[in-house]
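Below you'll find the structure, written out as structure tokens, and then a few comments.
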Amino acid sequence: MLSAAIPTCPLAPLLDPFLRHSSSIQTRSQAQQLHALLLKSHPRPFPLLFSLYSALGLVRDARLAFAAAPSPSPPCYAAVIRCSTARGLFDYSVSAFVRMRSFGSPLADAVLPSVLKSCAALRDPHLGTAVHGFLIRSGWGADLFTANALMNMYCKLCHANDDGRRNSPAEVSSGDAVGGDSRKSGFSHASKFRMGPLGSVRKVFDEMPQRDVVSWNTLIAGAAESGMHVEALEMIKEMGVAGLKPDSFTLSSVLPIFAEYVDGYKGMEIHGFAIRHAFDTDVFIGSSLIDMYANCTNVDYSRRVFVLLPNPDPISWNSIIAGLVQNGMFDEGLKLFREMLLCRIKPMPVTFSGIMPACAHLTTLRLGIQLHGYVVRGGFAGNVFVASSLVDMYAKCGNVHIARRVFDGLPSPDSVSWTAMIMGYALHGPAKEALSLFQRMETENGKPNHVAFVAVLTACSHAGLVDEAWDYFHRMSNDYGIIPRLEHYAAVADLLGRAGKLEEAYDFISTMHIKPTASVWSTLLGACRVHKNAKLAENVAAKIFDIEPNNMGSHVLMSNIYSAAGRWNEVAKLRMTMKDKGMKKQAACSWIEIKNELHAFFAHDTSHPCYNKITNALKVLLGQMEREGYVPNTEDVLHDIEEEQKRNMLCGHSERLAIAFGIISTPPGTTIRVTKNLRVCVDCHTATKFISKIVGREIVVRDSNRFHHFKDGECSCGDYW
DNA sequence: ATAGGGTTAG
């Protein structure tokens, strides 16, 4: 190619084969030798040299060579600009372009697409529009590649302000007000398109003299990302009319739409299309399909797609792991994470934010700490997604202080980090911390969203702060314009109920502006049980059974309420109903991790190999507890049996077995961490307070609702839960 | 030369 320029040089015959077959240059020193020969043979630098250095990843050498060039030719500028863009050195690419313009050097072919790509990556609207103006003046406006790159740049620029997450605020995309300006494009929705944030993109598209698949794909992807879902799907049809077939790029930009709409059926149609056109082995499509099926709770299909991918890439792994975890298949997620490591695929920040919730839900602090170590070693600790998931994991695994330390280490926590931390305090009890953090969030992070309000209301609820909760509840809509959702109502109703304001709670739920669910009523039913209001309970239960006739939790609660009131006939009747409906009470279970091994206990479970030791320890403890003033509270033993038997029943509760086992299997002073699947029982709560004092241990119990930290005879919940 | 996939808090 350029060898035509060389004949004047005696070295030319030597160089020629290398310049013709640049792939024969494989190492840095070979490239440098060629560079040296070129410098000797030819006063002006060779464009190929820059491409060569860049292809070998030696961008520094390329830049040095370029900086030393006295007056680079247009092809040299072009090579440097293209290479630096391809290597991600966007600012360098732009400054080379600016330098080229300032010397008045003519524009080589195929430079502008790279410059525009760099402008897009830099998210600099002034730069972008300046280049746009220049390219029109210099007559490149009609160039297909340039216009495509221009569209892409405007797409990126209009998403410059959101933080890259999927749920950007959707444009109105219903079918109204169509018609509009259809002269130019002939497309019914063009006018709406032009008025939206993608106006510039659409304008470029409409004015292109010719369009290819990339043009369409860029426009479709832009629409899909801006929430203009209907338009995006409509345009796929239109591109067919224009004689262009959708390809794997087209599909991968519209698949997330079905994931977001949770329309697995439509998603499956696309999957079928992908299979028919042999796109289904494309990793991009594969990852989108995995995510789409996982979002539609059809994670088995996600798994099938993953298994059928011939060459899953790191993102495919991330997708399947996150998909499994999001669908509650925590062990499976962890298993795949281990497989991923075995396949020598390096985890990325997303891998950890995807897998960490599994540890949080499983309450497996040990594994969480291991992953945290991995995060630190991998240099991902500064990633706000990862850090937020760590905050959440530590809080959910019972270590709210470490959670706080991770949180405090974040240079700029986002709303998720704040909310995770506030929720952490809410779960553990220090409501003051939660409230003061919320206040800090308002000043430092700006507008709290609806989830932050769920967290702060939960904190109030768990601490019995009725007035504060009302204040937040009202400020939420008055100051921030957030319409209360079910979760907010539920938190307030729960709070009122637990504070004993049963009638007020009843009225509150009855006048909600959305239809209360069975679960909202259930919290009140629970409160009726605690505050022994059987009459209101019957009323509430009727509401629940009206919505969910087979709601098992409420049958159990109602049965407990009747037993507590000694109404054994009603209990029997309810039990019959439950039996008829085939409902089975969820068995109480507590578990504890000792030396990397999980020990689970059901109530009155004698199967554990250490069962005898455990009961002996409990017997000894009971004696000490009674000397300290412990009186068994048999109120909640809901069986029609003698008092003595009731006392024995209490000792067999699953949490007590787990705690006793923890005490006899760990060195003195070790914190005991127990998890229970149901709420902790009143008597066990009292007993654990005594036990913590007697054995001088901190005992952390996570029940289905919150954490209890027992220490020196006190509990962090202040006996309010 | 230009276009694509995955993540955290209730």
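Hydrogens, waters and symmetry mates play no part in the numbers below; they use all other heavy atoms, side chains included. For clarity, every value in this text was computed on a predicted model and none was experimentally measured.
Contact between the side-chain N/O atoms of A/Lys396 and the OP1/OP2 oxygens of B/dT8 is not found at any separation under 4.0 Å. At the phosphate of B/dT2, neither OP1 nor OP2 sits under 4.0 Å from any side-chain N or O atom of A/Asn152. In this model, the phosphate group of B/dT2 is not approached by any side-chain N or O of A/Lys156 to a distance below 4.0 Å at OP1 or OP2.
Scored by the salt bridge (Lys or Arg N to Asp or Glu O under 4.0 Å) test, A/Arg440 finds A/Glu444 as partners (sequence neighbours excluded). By the side-chain hydrogen bond (donor to acceptor under 3.5 Å, both in side chains) test, A/Asn445 is found to be paired with no residue, residues two or more places apart in sequence or in another chain being considered. For the side-chain contact (heavy atoms from CB on, under 4.5 Å) test, residues two or more places apart in sequence or in another chain that qualify with A/Asp143 are A/Trp140, A/Phe145, A/Thr146. Applying the side-chain contact (heavy atoms from CB on, under 4.5 Å) criterion to A/Arg338, with sequence neighbours excluded, gives A/Leu334, A/Leu367. Legend: residues meeting side-chain contact (heavy atoms from CB on, under 4.5 Å) with A/Ile136, ordered by chain and number and at least two apart, are A/His132. For A/Arg87, there are no salt bridge (Lys or Arg N to Asp or Glu O under 4.0 Å) partners at least two apart in sequence or on another chain.
A/Asp282 comes within 4.0 angstrom of a base, heavy atoms only. Residue contacts for A/Ser316: at a heavy-atom cut-off of 4.0 Å it reaches a base atom on one of the strands shown. Within the 4.0 angstrom heavy-atom criterion, base atoms lie near A/Val283. Nucleic acid contact class of A/Thr218 (heavy atoms, under 4.0 Å, all strands): sugar-phosphate only.
At a non-hydrogen distance threshold of 4.0 Å, A/Ala110, A/Pro113 from residues 105-115 of chain A come into contact with DNA chain B. At a non-hydrogen distance threshold of 4.0 Å, A/Asp313 from residues 296-314 of chain A come into contact with DNA chain B.
Using modelled atom types, one finds a donor on one side chain and an acceptor on the other under 3.5 Å when comparing A/Ser248 with A/Asp282.
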Return all side-chain donor-acceptor pairs below 3.5 angstrom for residues 108-122 of chain A, not counting sequence neighbours, or 'none' if the list is empty.
| unit_1 | atom_1 | unit_2 | atom_2 | d |
| --- | --- | --- | --- | --- |
| A/Ser118 | OG | A/Thr85 | OG1 | 2.9 |
| A/Ser118 | OG | A/Ser93 | OG | 3.1 |
| A/Ser118 | OG | A/Ser114 | O | 3.3 |

